[in-house]
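Report on the following structure.
The first residue of the sequence shown is numbered 1, and numbering continues consecutively from there.
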Amino acid sequence: MKEKFAGFVTGNPRKVIMFTFLLVILFASGIPKITVEEDIKDMIPRDMPSRMTLNELEGIFGGSDVALIGIGNERDSIFNVNTLKKIKAISDSLKVMPGINRVTSLATIKYIEGHKWGLEVTPYLEEVPESEEDAGRIREMFYNDSTYVDILVSSDGKYTAIIAQLAEDAQVGEMYSEIAALKKKFSGNGDDIYLAGMPVVQTILSQRIKNDFRRLIPFVIILIIILLYLSFRSVSGVILPLSAVLMSLLSMIGIMGYLHIPFTTFNNIAPIILLSIGIDYGIHILANYYQESPLYGDKNTAIQRAMIDIFTPMFMACITTIVGFLSLLTSPLEAHHQFGYVVSIGIFMALLFNMTFVPAFLTILPVPKESKNKQGAGLINKVLDIIGRSVIRFRHGFAAVALLIVIIAIYGIPKVNLEMNPISFFPEDTEVVRSDNMINEHLGGSINMNLLFEGNIQSVEIMNAMDSLQVFIEEFDEVGSTVSLATVVKKINKALNNNDDAYEVIPETDAGVAQAILMYS
């Protein structure tokens, strides 16, 4: 079988080359269909209970993702005429922006105060202040009510957040562009503006994936060209294996497009992995051919002999590598499945093109000169010879070092930290990390967790359960702040009882809870 395959390739080189070109064109035509996935939620299995709850929550409330615009004024405070005007202007711009369901900020929340005649509800920024005295009164009103302290405004008054809740079908990339334009427009005059939240992180991750393709793939290709030239010292020794692996790369990405597999933060390294693994097959073919060619007078015989000798080890190496990546199918995450499929397809295509295109093209090219032959094998053989002699001579030392490395590695396994916060993907000195740190340090935090309650929300039992869970969650150091309907009910109950702090509790009767919710609505 191996002999027949090698004979067919060397006996029909032009047909084989034409076939491989047509195959690449066919597969690569799917490249325009490729997409970049921005939403991390889409990597979670749709039948996972938490994902199903999230879908239900978004169906009820119209979305769960929030973008945060932080404004900081470290020299003074945000309670000044200029900054308050900015908060009002940015909030108004966000409210009319398509794709945003709700805006929560100092410009949208209301001050609720109880009086003998009932409740007085006053928007903090019903009118934009015209003097610093007016700004000072707004500050005093805000801190008289602790509901939004360290959530919307920091306790020192130097930072504030504008929270924009995105609709379920919002185009996150477009939303980020419009919000970034607002940041550029309103930055300056003593105020620093920060962008944070999952939609912001997802969009920047998507941009970075695209930038990685533009930067990393050319860099890896240049390194491969240098290594190939140093190994074979011939143009064919560089062009042929590089062409085969690039053909497999184009085919892999095109097949991804046909299968609607997007590039994500998880599988964006697939091209780099393919280039690293796939180039090995071409190196093996050429190295064996250069070694065989002086032994045979006929060029085709030398190529066939090289193909036969290397076929079984290359095929087994390909199969074992594919099996390793396909083991990701045991993961519950669809993103892992897609990564396994993608790399496996690419590796198979690399083997196919290296066993067809490369030897077929060698058949057309002239026989390599003996000097090139010796140079081609020389560098590789010298390095391998040095390594082999060193391992044999110092075998006990190498074995001891290997054992020590294994022991150290085993000791470090329990110390592995599982981190799923996408902000950890970025270097500490990037703007997105600095913005995230600011929101986490001074305000309520940049990542939100949504808990869905089902039942009669006007009952004391449900309200008490919600309040108890909220108190429990706040005990965790990682939690910056919590807000729920129970928070609002307690606030309204206090206002209905002459602002007495003793009444900032859940009412004792269902009627009391219903009254508080009615007053709030």
How close do A306 and I285 get, heavy atom to heavy atom, and via which atoms?
CB-O, 4.4 Å
Answer whether the closest heavy-atom distance between the side chains of D92 and V96 falls below 4.5 Å.
no
Hey, could you give me the CD1/CG distance between I283 and N288, rounded to the nearest 0.5 Å?
12.0 Å
Count the heavy atoms belonging to other residues, nucleotides or ligands that lie under 6.0 Å from CZ of R215, then report whether that count exceeds 12.
yes
Modelled atom types, side-chain donor and acceptor of S234 and Y229, under 3.5 Å
no
Of the non-hydrogen atoms in L195 and V200, which two are nearest, and what is the gap between them?
O-CG1, 4.0 Å
Considering only heavy atoms from C-beta outward, does the side chain of Y341 approach that of L326 to under 4.5 Å?
yes
K86 side-chain N/O to F186 backbone N/O, donor-acceptor pair under 3.5 Å:
yes
Side-chain heavy-atom pair I71, D192 within 4.5 angstrom cut-off:
no
Does any non-hydrogen side-chain atom of L362 lie less than 4.5 Å from one of Y289?
yes
Please confirm whether the backbone N or O of V432 pairs with a side-chain atom of S435, one donor and one acceptor, at under 3.5 Å?
no
Rounding to 0.5 Å, atoms CG (L259) and CD1 (I345) come to a distance of 5.5 Å
At their closest point, which heavy atom of I151 faces which heavy atom of A161, and how far apart are they?
O-CB, 4.2 Å
Below 4.5 Å, heavy atoms only, C-beta onward: do T430 and R208 meet side chain to side chain?
yes
Any non-hydrogen side-chain atom of T363 less than 4.5 Å from a side-chain atom of V9?
no
Is a side-chain N or O of R102 found less than 3.5 angstrom from the main chain of A164, in a donor-acceptor match?
no
Mind checking the CE-CG spacing from M349 to L250? Nearest 0.5 Å is all I need.
10.5 Å
About how many Å separate CG of D429 and CZ of R434, when rounded to the nearest 0.5 Å?
7.0 Å
F453 atom CZ, over 12 foreign heavy atoms within 6.0 Å
yes
Count the heavy atoms of every other residue, nucleotide or ligand shown that sit under 6.0 Å from CZ of F348, and state whether that count exceeds 12.
no
How about S91 and T108: does a side-chain donor come under 3.5 Å of a side-chain acceptor?
no
Please give me the minimum heavy-atom distance between I221 and L242, naming the atom from each residue.
CG2-CD1, 4.1 Å
Would you confirm whether the ring centroid of F21 sits within less than 6.0 angstrom of the ring centroid of F357?
yes
With rounding to the nearest 0.5 Å, note down the distance linking CG in N448 to CD in Q165.
9.0 Å
Is there a side-chain contact between F361 and S236 (heavy atoms, below 4.5 Å)?
no
Derivation and outcome, side chain to side chain contact (heavy atoms under 4.5 Å, CB included), residues T321 and V343
CA-CA 9 Å; T321 305; V343 178; 6.0 Å; no
Check the orientation of F315 and F311. Use parallel for under 30°, tilted for 30 to 60°, and perpendicular for over 60°.
parallel
Using side-chain heavy atoms (C-beta onward) and a distance below 4.5 Å, is Q338 in contact with L328?
no
Modelled atom types, side-chain donor and acceptor of R214 and N211, under 3.5 Å:
yes
Mind telling me whether Y194 and Y159 have parallel, tilted or perpendicular rings, with 30° and 60° as the class edges?
tilted
So, for P241 and L286, which heavy atoms are closest and what is the spacing to 0.1 Å?
CD-CD1, 3.4 Å
Main chain of G340, side chain of S344: is a donor-acceptor contact present, judged purely on distance under 3.5 Å?
yes
Would you check if the side chain of H337 reaches a backbone N or O of S331 as a donor-acceptor pair within less than 3.5 Å?
yes
A quick test of your reading: do over 12 heavy atoms of other residues, nucleotides or ligands sit less than 6.0 Å from CZ of F398?
yes
Just how far is it from atom CD1 of I179 to atom CD1 of I162, taken to the nearest 0.5 Å?
10.0 Å
As a test of understanding, state which of V358, L240, V24, L246 forms a side-chain contact (heavy atoms from CB on, under 4.5 Å) with F353.
V24
Please evaluate residues L205 and Q202 with respect to the criterion side chain to side chain contact (heavy atoms under 4.5 Å, CB included), reporting the C-alpha separation (whole Å), side-chain torsions for both, the decisive distance (0.1 Å), and the verdict.
CA-CA 5 Å; L205 275 175; Q202 290 171 9; 5.6 Å; no
With a 3.5 Å distance limit and no angle check, can you tell me whether N354 reaches the backbone of I279 through a side-chain donor-acceptor pair?
no
Donor-acceptor check, side chain of T10 to backbone of Q304, threshold 3.5 angstrom: yes or no?
no
Compare every heavy atom of V433 with every heavy atom of P427, then report the nearest pair and how far apart it is.
O-CG2, 3.2 Å
